[in-house]
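Everything numeric in this text was worked out from a predicted model, so none of it was measured.
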Amino acid sequence: EVQLVESGGGLVQPGRSLKLSCAASGFTFSNYYMAWVRQAPKKGLEWVATISTSGSRTYYPDSVKGRFTISRDNAKSSLYLQMNSLKSEDTATYYCARGTEAPDYWGQGVMVTVSS
Amino acid sequence: DIQMTQSPSSMSASLGDRVTITCRASQDIGNYLSWFQQKPGKSPRRMIYGATNLAAGVPSRFSGSRSGSDYSLTISSLESEDMAIYYCLQSIQYPWTFGGGTKLELK
């Protein structure tokens, strides 16, 4: 059974940093692109980042480019999202998702609140 | 960036109704279109991929179709468990973009 479990969320002040983790199991992690997708409270879904199988290629929307960094550790079957210079508009539930062409499995999500 | 215009933003329907939700792409996305269902407090669930392919475990009353740049999700006979918000996603190019969502409620 594919499982994706996010952790590392919480309350953080504007301008500070936070690192999210996603532990994967039930599939060969190194064979899949992985992504982060977020959802602000009562809003729609927004793609945040994607990383290739080896980690050599990463992709971001303009809204987080230069502030967020996606990475992975295939030996640990883990995905990460380093978030720097956080803004109030980054407040959202962050989902880890598996998928090369598009997400197929999603984690349960972790809440990040950016507020002073 | 590719814009995905989803309609309607909300709708109400009765049990047994046939329901159709549509996304229009601002550029050619081929069949790189997925549909997701999200229930309150839950993660999104993939329903359709490749525009027309039913994801594993999804009931056969759900189907996806394409007509030019218009992509549709159809529920042939609405059941109570189908009440949710539905989103489309284009993944032919980065940035991936989602439609704004359709909230499906029981009439």
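Both A:Val12 and A:Val110 sit in one connected hydrophobic cluster of ILVMFWY residues. Membership requires side-chain heavy atoms under 4.5 Å apart, directly or through other members. The hydrophobic cluster containing A:Leu4 also contains A:Tyr32, counting ILVMFWY residues as joined when their side-chain heavy atoms lie under 4.5 angstrom apart, directly or transitively. The hydrophobic clustering, which links ILVMFWY residues whose side-chain heavy atoms are closer than 4.5 Å, places A:Val2 and A:Trp36 together. A single hydrophobic cluster is seen to contain both B:Val19 and B:Leu33, as judged by linkage of ILVMFWY side chains at heavy-atom distances under 4.5 Å, directly or through other members. A:Tyr94 and A:Trp106 end up in different hydrophobic clusters when Ile, Leu, Val, Met, Phe, Trp and Tyr side chains are linked at under 4.5 Å.
For residues 68-90 of chain A, heavy-atom neighbours of chain B at less than 4.5 Å comprise no residues at all.
The two residues B:Ser43 and A:Gly109 make their nearest non-hydrogen contact at OG-N, 4.5 Å. For the residue pair A:Thr100 and B:Trp96, the shortest heavy atom distance occurs at O-CZ2, 4.0 Å.
Atom CZ of B:Arg66 has more than 12 heavy atoms from other residues, nucleotides or ligands within 6.0 Å. Within 6.0 Å of NZ in B:Lys103 there are 12 or fewer heavy atoms belonging to other residues, nucleotides or ligands. Counting heavy atoms of neighbouring residues, nucleotides and ligands inside a 6.0 Å radius, atom CZ of B:Arg61 exceeds 12 of them. Counting heavy-atom neighbours within 6.0 Å of A:Tyr105 OH, excluding the residue itself, gives a total of 12 or less.
Residue contact with chain A, scored on non-hydrogen atoms closer than 4.5 Å, is absent for B:Gln90. Only the side chain of A:Thr50 comes within less than 4.5 Å of a heavy atom in chain B; its backbone stays farther off. Neither the backbone nor the side chain of B:Tyr49 comes within contact range of chain A; no heavy atom of the residue lies under 4.5 Å from a heavy atom of that chain. Proximity to chain B is absent for every atom of A:Ala97, based on heavy atoms less than 4.5 angstrom apart.
When each of A:Tyr59, A:Tyr60, A:Tyr95 is checked for heavy-atom pairs under 4.5 Å with chain B, A:Tyr59 comes out on top.
Within the structure, every pair that satisfies the salt bridge (Lys or Arg N to Asp or Glu O under 4.0 Å) test and touches residues 96-106 of chain A, not counting sequence neighbours, is listed here: A:Arg98-A:Asp104.
To the nearest 0.5 Å, atom CG of residue A:Asp62 and atom CG of residue B:Asp1 are 6.5 Å apart. With rounding to the nearest 0.5 angstrom, the CD atom of A:Gln39 is 4.5 Å from the OH atom of B:Tyr87.
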Could you go through the side chain to side chain contact (heavy atoms under 4.5 Å, CB included) check for B:Phe98 and A:Val37 one step at a time?
CA-CA 10 Å; B:Phe98 289 90; A:Val37 177; 4.0 Å; yes
